[in-house]
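Data block below; observations after.
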Amino acid sequence: MDKIRIRGGISLKGDIKISGAKNASLPLMAACLLTDKPLYLCNVPNLSDISSMAQLLSQLGVSVTRHKDTNTVELCANNLSSTTAPYDVVRKMRASVLVLGPLVAREKQTHVSLPGGCAIGTRPIDLHLKGLEALGALISLEEGYVHAKAPHGLIGAPFTFPTVSVTGTENLLMAATLAKGQTRLMNSAREPEVGDLAHCLNAMGAKISGIGTDTLVIEGVDKLESTTHSVIADRIEAGTYAMAAALTGGEICLLGTTLQLFPTLSTLLKRAGVTLKETQNCLTVKAPTTRLQGVDVMTEPFPGFATDLQAQWMALMSVAKGAAMITETIFENRFMHVPELCRMGANITVHGSSALVRGVNKLKGAPVMATDLRASVSLVLAGLVAEGETLINRVYHLDRGYEKLEEKLRGCGADIQRL
Ligand code: EPZ
């Protein structure tokens, strides 16, 4: 089991190239199931979640060719051999449910294991299923599997999401591209990854309008064609490294991303005293010369503050001046990083879905445990600013979402080793 050792107290200075977005790459890979023509994806990060999705698609009979050296993936579903997504794959990565919509739309039936819960919450997929039923799919749940079929194809229809769901929107968006007639998806997720998927689907011949708004209108087409698509930058990775600069009193130039990808984070960082400057090809994040100011935050669907940046913000606030109230509105159990940060000397108390962080003068390095993808990177951030040595266990969580993490941080002067 790999560990990561960090010796803190170094101000990070340098450039970091932001990788393609994990949460855009996963639905984009699943989109290959909608056509028998090849789909070429560029700027795909080399992450274990991408490997898991590639493995699942291969098991369905998709030919998947990954070129890790150039971050490209070629996918072609012209000869599917199965429409079953098995439990042992889905339980490892819940984004596997993204094959549900495309398979029902193209193959007219599928069996996808229910994902089961995960560390941050129960994370049901009831909205995915209700939406597919609105498009005419017949859904039944047997022995932990979703059986979905649409023998005469899907029929376009209006559907309003009771709550915003990112992969729910992506599943229905993909299914609707091949449904007969018009589909209107109301209260859709507006995350940039949803927009990236929609742009790629339109390049494949889909007819989607309202991209970037909470109402997506899709006119069904008979079939989709081949295209080449470059994945957008990972806004969560970019936001994480922006906070690393702020936390360590440094200055980092983020390459390949834009402020538009994290509008609320940039507003809050400025309020905390951080300077952000966008030039032609880089976004410079500069820490204040004085102490960071505590700023409250509430997680919300895009363009609100991303829940995937909440743990990182907590690490930032743990050494800020004053107090900060952090409220998590998306998931019911996303404070597992709190006890670990407290072991490093942070002063945080949790009351239901809110955590009150009282800034301390400094954190102390300690052996800590990673629990989920974003919680583990908040421990890396804390280790970068803590006095002494921090040892992080179970770093496989990090490998799911951060390409070349140690390399990128070492490039800015961090003392970080994988053991
Ligand atoms: C996506 O998960 C992301 N994953 C998550 O990132 C991210 O945290 C989340 O969106 C919120 O932004 C991918 O894109 C692969 P949701 P998703 O459906 O789609 C409830 C990471 O770290 N809900 O928007 O599963 C759900 O329980 C991961 O990269 C239902 O009740 O999230 C949650 O409380 C973690 N029924 C809320 O909605 C449903 O059918 C938002 O979930 C679906 C969701």
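Computed from a predicted structure; not experimentally measured. Counting starts at 1 for both ligands and their atoms, following the listed order.
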- request: With heavy atoms of His128 as the reference, note each atom of ligand 1 found under 4.0 Å away.
  value: 40 (O)

task: Sequence neighbours left out, what pairs pass salt bridge (charged side-chain N to carboxylate O under 4.0 Å, His left out) with at least one residue falling in residues 410-419?
output: Asp2-Arg418, Arg7-Asp415, Asp399-Arg418, Glu406-Arg418

Contact bool for atom 20 (C) of ligand 1 (protein heavy atom, d < 4.0 Å): no

Arg374: numbered ligand 1 atoms lying under 4.0 Å from its heavy atoms: 21 (C), 22 (O), 29 (O)

- prompt: Glu193 near ligand 1, heavy-atom distance under 4.0 Å?
  reply: no

field: Per-atom contacts of ligand 1 with Ile125, taking only distances under 4.0 Å to non-hydrogen atoms
entry: 39 (C), 40 (O)

query: Relative to the heavy atoms of Lys22, which atoms of ligand 1 are at a distance of less than 4.0 Å?
result: 21 (C), 29 (O)

- prompt: In terms of atom number and element, which parts of ligand 1 are under 4.0 angstrom from non-hydrogen atoms of Leu127?
  reply: 36 (N), 39 (C), 40 (O)

- line: For Arg334, the atoms of ligand 1 under 4.0 Å from one of its heavy atoms are 8 (O), 22 (O), 35 (C)

message: Using heavy atoms and a 4.0 Å limit, tell me yes or no: is Gly168 in contact with ligand 1?
response: no

- prompt: Out of curiosity, Leu255 CG to Cys282 SG, how far, rounded to the nearest 0.5 Å?
  reply: 6.0 Å

- prompt: Under 4.0 Å from any heavy atom of Thr307, which atoms of ligand 1 are there?
  reply: 8 (O), 11 (C), 12 (O)

message: Between ligand 1 and Val166, is the shortest N or O to N or O distance under 3.5 Å?
response: yes

